[in-house]
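Scroll down for the structure; my scribbles are underneath it.
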Amino acid sequence: MMPRRCESAFPFFLVTILALSPVAALSSLYGKTTRNIATQVLQGTGPPTVDLNQYNLPLNVIEVEWTANFVQKSIENDASVQLRAKNLVEHYVDTLIVSFPRKENGGLGIQLVELAGGRDDGIGITTVSGLVEGGSAEESGINPGDCLASVSLVRRKQQKAGDSAISEKEEEYSVTTECLSYDKTVEAVQSLPAPRPGFDDTFVLKVKRLRRRPKVKVNLQYPPEQGEEDTTIEMYAGENLRQGMLVRGVKLNDPLAKRFDTKQGGNCGAGGLCRTCSVAVVSGGDALNPQRLAEKQMLQDDPRWRLACKAIVGYGMKEGEMTIRVNPRQW
């Protein structure tokens, strides 16, 4: 079905409304996990050391990949609706804080498109479709496909305090716009104060952006006596090396390893004590997170070794390639 265009009474936006099912991109309150999966998966990658925009998804993928999830708060008897990616394995939702001064025309200068809506409760998915030339957000770096999670207006005015001293008065107004229909998004933004002579206004936006997860190529070398052919697997940034290898069928645990605490055999279950999941890093070690003190002490006689249970792939959100030897005591 062809989309239809309509002029909005809201001067900041021009919208294209897509004829989609009102609940097509919304999941059930009870049908999905309530955990912040993207944060949990990617938290071990550390601060980014590369430009994350290289992982931005094409618009045609974004338009079908956005979805919303009802999240029940564990302590309070309350729930909220949050944006997430449909494909949690290959994609994740990033959060950006964008600020820019309000121009004389007073508006954000952002074009919106509604991907899902039409519900009585005003829940929906509304994304950016473009930026207005000459508008406040023109140089903001906001991309088509991004979602506005919140919009704040910071208002400042310098005023005299005494004969010579100058103080700055600041006020902030905020509205939440995540997972709202187009109409509710417009209504929320319109509730912010209009321009006022003598005041300097700055927009501060929380923007959510879909990105693909960086990938790392992991070349695995087995001891000759183990009778396994060398192989290559692909892992995503944020994956634990031990868990990622095991779920891909890699025979990892070394029967010759001894526990660090008891000096006896036995698997500690990823507690970082038994060293049965040790691997030797032949190349590409910078794709892993730095060792912590306890791991360094345990492996001080083998500085190129890592405990796979304590290693996170894709550190710094980098893509790359690494080669490791499995069960290094058997070489």
(request) Only counting residues at least two apart or in another chain, list the ones meeting salt bridge (charged side-chain N to carboxylate O under 4.0 Å, His left out) with D94. (result) R211
Please output the side-chain donor-acceptor pairs of residues 284-291 that fall under 3.5 Å, not counting sequence neighbours, one pair per line with the distance.
unit_1 : atom_1 : unit_2 : atom_2 : d
N289   : OD1    : I312   : N      : 2.6
N289   : ND2    : K310   : O      : 3.3
Q291   : NE2    : W305   : O      : 3.3

(request) Return the set of residues passing side-chain hydrogen bond (donor to acceptor under 3.5 Å, both in side chains) with K103 (not counting sequence neighbours), or none when no residue passes. (result) none
(message) Taking the basic N atoms (NZ, or NE/NH1/NH2) and the acidic carboxylate oxygens, is any pair closer than 4.0 Å for E319 and R212?
(response) yes
(message) Can you tell me how far apart OG1 (T67) and CD1 (I125) are? Round to the nearest 0.5 Å.
(response) 5.5 Å
(message) Which residues pass the side-chain hydrogen bond (donor to acceptor under 3.5 Å, both in side chains) test with D121, not counting sequence neighbours?
(response) R119
(request) Could you list all the ring pair (Phe, Tyr, Trp, His ring centres under 6.0 Å) pairs where at least one residue sits in residues 100-131, not counting sequence neighbours? (result) F100-F203
(message) Within the structure provided, determine whether V113 and E63 are in side-chain contact (heavy-atom separation under 4.5 Å).
(response) no
(message) In the structure I gave you, are the side-chain heavy atoms of V128 and L112 within less than 4.5 Å of one another anywhere?
(response) yes
(message) Suppose clustering is done on Ile, Leu, Val, Met, Phe, Trp and Tyr with side-chain heavy atoms closer than 4.5 Å. Which residues sit in the same group as V154?
(response) I97, V204
(request) Output every pair passing salt bridge (charged side-chain N to carboxylate O under 4.0 Å, His left out) with a member in residues 171-188, not counting sequence neighbours, ordered by first then second residue. (result) K169-E171, E178-K208, K184-E187
(request) Enter the distance from N53:CG to L96:CG here, rounded to the nearest 0.5 Å. (result) 7.5 Å
(request) List in chain and number order the residues that pass salt bridge (charged side-chain N to carboxylate O under 4.0 Å, His left out) with R248, two or more places apart in sequence or in another chain; answer none if no residue qualifies. (result) E239
(request) Quick one: closest heavy-atom pair of S278 and L307, and the distance? (result) OG-CD2, 3.5 Å
(request) Return each pair, listed once, that meets side-chain hydrogen bond (donor to acceptor under 3.5 Å, both in side chains) where at least one residue sits in residues 131-148; pairs must be two or more places apart or across chains. (result) D146-R209
(message) Out of the candidates R306, Q300, R275, only one should pair with E295 under the side chain to side chain donor-acceptor pair (under 3.5 Å) rule; please name it.
(response) R306
(message) So which atom in A188 and which in T177 form the shortest heavy-atom distance, rounded to 0.1 Å?
(response) CB-CG2, 4.0 Å
(message) What verdict does the salt bridge (charged side-chain N to carboxylate O under 4.0 Å, His left out) test give for E170 and R156, after you've listed the backbone C-alpha separation in whole Å, the side-chain angles of each residue and the deciding distance to 0.1 Å?
(response) CA-CA 4 Å; E170 180 176 303; R156 298 182 180 90; 3.0 Å; yes
(message) Suppose the criterion is ring pair (Phe, Tyr, Trp, His ring centres under 6.0 Å): which pairs have a residue in residues 121-146, not counting sequence neighbours?
(response) none
(request) With sequence neighbours left out, write down each residue that passes side-chain hydrogen bond (donor to acceptor under 3.5 Å, both in side chains) with S152, or none if nothing qualifies. (result) S174
(request) Report whether L148 and L131 are members of the same hydrophobic cluster (ILVMFWY, side-chain heavy atoms less than 4.5 Å apart, transitive linking). (result) yes
Side-chain donor-acceptor distances from residues 227-237 under 3.5 Å, at least two apart:
unit_1 : atom_1 : unit_2 : atom_2 : d
E228   : OE2    : K251   : NZ     : 3.0
D230   : OD1    : Y222   : N      : 3.0
T232   : OG1    : N219   : OD1    : 2.9

